[in-house]
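Just follow the structure's listing: the first ligand is 1, and inside any ligand the first atom is 1.
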Amino acid sequence: NFCFLPASAQMPANYDEDKIKPYQLPDPLRMENGKTVTSSKQWEKQRIAILNLFKTHVYGAMPGKVAGLTFRTLSVDSMALDGKAIRKQIAVIFGKDANSPKMEVLLYLPVEAKSPVPVFAGLNFYGNQTVHTDPGINLPTGWIANGPTGVENNIANVASRGFQTERWQLEELISRGYGLATAYYGDLEPDHAEGWKTGIRTTLAKSLGLQAQEWSAIGAWAWGLSRMMDYLETEPLVNARQVALTGHSRLGKAALWAAANDTRFAIVISNNSGEGGAALARRNYGETVEVINTSFPHWFVAKFKEYNKDPNQLPVDQHMLLALMAPRPLYVASAVEDQWADPKGEFLGAKHAEPVYQLFNKKGLGVVQMPDVNQPVGDVVAYHIRSGKHDINAYDWQQYLNFADRHFNNPAK
Ligand code: GCU
C-alpha cells in the first residue's frame with residue numbers, strides 16, 4: 001500500500017526510550033486561576049479554555065457553518081454492492097451560489113435498514129473512488145497526490161478505483177448494520193504547502209470572515225467533517241446521534257480536531273495519528289514537533305513553530321486534546337512497525353486523558369501498562385497496538401466495529 005514518505009522520514013529520529021528527556025505534562029484539570037476542576041460541571045468552562053489554547057497554539061481558529069450551506073443529491077443507487085447497500089452521492093456546497101466551493105460526500109447505507117443506522121464517517125486520502133471498486137462512484141476532478149495507481153499528473157483516473165478498499169472495509173461495515181460516509185480531504189484543501197491558495201481557507205475567506213493564516217490545513221479538513229455532519233443530520237436513514245468519526249494518520253489528527261470542536265460526533269477513533277494527533281508532543285520519539293512543522297508547515301498555525309526547539313513550552317499537550325472528547329467513547333490505536341507515530345506516546349496520550357473521564361465517573365483507559373500486541377484494552381477509552389505497519393486495516397476495523405456495537409448498543413439491523 002502506498003503511503004506518504006515525507007522528507008522528514010529521512011531526518012534522524014530518536015527511537016531510544018532512555019534518550020527521552022524528563023518532561024512534565026500540563027494538568028488538564030488545572031484552571032487558569034490555579035484551582036483544580038473537581039466536577040463535570042466545572043469542566044465545561046475548562047473544556048473551552050483548553051480548546052482555545054489548541055486554537056491559538058496549534059491548529060488555529062475554527063469557523064462555524066458557512067451561510068447558505070446547501071446539500072444537493074447527485075445520485076442515488078438503491079441496488080449498490082450487489083443489492084446490499086444504498087449508495088448516495090451528495091454535493092455539500094459551501095454557499096448559496098451553485099459555483100461555491102464544495103465537497104462531495106459518498107454515503108453507503110445497509111439496504112436492510114429498517115430504522116436510522118449508525119454511521120462511520122471519515123475523510124479519505126485519494127478520492128471517494130478509492131474506497132471501493134463500485135463503478136458508480138464519481139471520480140474527483142481536483143488535485144490528488146501522485147503515487148497511487150491511477151493518479152497521473154495529480155489527476156485520478158479509473159485505474160484508481162478501489163485503491164484503498166482494504167482501508168475502508170465497506171462490505172464488513174454494511175453487513176454489520178453500519179453506514180459509511182466519506183469525502184476526499186483535498187476537496188477542502190489540497191495537501192501541500194501551497195494548497196491553501198486554492199482550498200477553502202482562501203475560497204471561503206470572505207464568507208467565513210477569516211484569513212487563511214488564521215487557521216490551518218488540519219483545521220480546514222476538520223471543518224469539512226463538521227459540514228459532513230451537518231448533512232448527515234438531514235439524512236433520514238442516518239442516526240446522526242450515532243456517528244463514529246474515524247481517521248488514519250494525518251486524517252486522524254483532523255478527526256481529533258474535528259471532534260474536539262464538534263461534540264455531535266458520538267465516538268472518536270484515532271488510528272495511528274501520531275505527532276499532532278494522539279501522541280504526546282513532549283516525548284522526543286519518532287516524529288517531533290520540529291520535524292512535523294518543517295515537513296508539513298501548512299498543517300498547523302505559525303505559532304506552533306515557536307515550539308520547535310522546546311515543546312515543553314507548549315501550554316498544552318495531546319492528552320488534553322484527547323480529554324476534549326470526554327465523556328464520549330474514544331479509541332486510540334497504534335501499530336508496532338509505526339514507530340514514527342510513537343505508539344507509546346499515543347498510549348500515554350490516552351492514559352493521561354483519564355482524569356477528565358473520571359469527572360464523568362468513567363474509568364477512561366483503566367489500565368496502567370501498555371497492552372501486548374493485538375490485545376485491545378479499555379472501555380470508554382480503548383487502545384490497541386496491532387502488529388504490522390502504519391495503516392488502517394481489517395484488524396483495526398474489527399475492533400472499531402466491536403467498540404461501536406458496545407457503545408451504540410448494537411446497530412439497527
Ligand atoms: C507522515 C507524517 C505523519 C503523518 C503521516 C500520514 O508520516 O510525518 O505525521 O501522520 O505522514 O498522514 O500518513
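- Heavy-atom proximity to atom 12 (O) of ligand 1, evaluated over Arg250, Glu287, Lys253, Glu275, is greatest for Arg250.
- When each atom of ligand 1 is checked for a heavy atom of Ile292 under 4.0 Å away, the hits are 9 (O).
- Here's the thing with His248: none of its N/O atoms is less than 3.5 angstrom from an N/O atom of ligand 1.
- A ring-centre distance under 6.0 Å is not found for Tyr331 and Tyr383.
- Side-chain contact check for Glu172 and Tyr178: no donor-acceptor pair (N or O, by modelled atom type) lies under 3.5 Å.
- Contacts between Leu251 and ligand 1 below 4.0 angstrom, taking non-hydrogen atoms only, are absent altogether.
- When atom types are taken as modelled, the side chain of Arg201 and the backbone of Glu189 share no donor-acceptor pair closer than 3.5 angstrom.
- Of the N and O atoms on the side chains of Asn128 and Glu104, not one donor lies less than 3.5 Å from an acceptor on the other residue.
- The contact set between ligand 1 and Trp299, taken as ligand atoms under 4.0 Å from a residue heavy atom, comprises 4 (C), 9 (O).
- Side-chain contact annotation: Gln313 with Glu306, donor-acceptor N/O pair under 3.5 Å absent.
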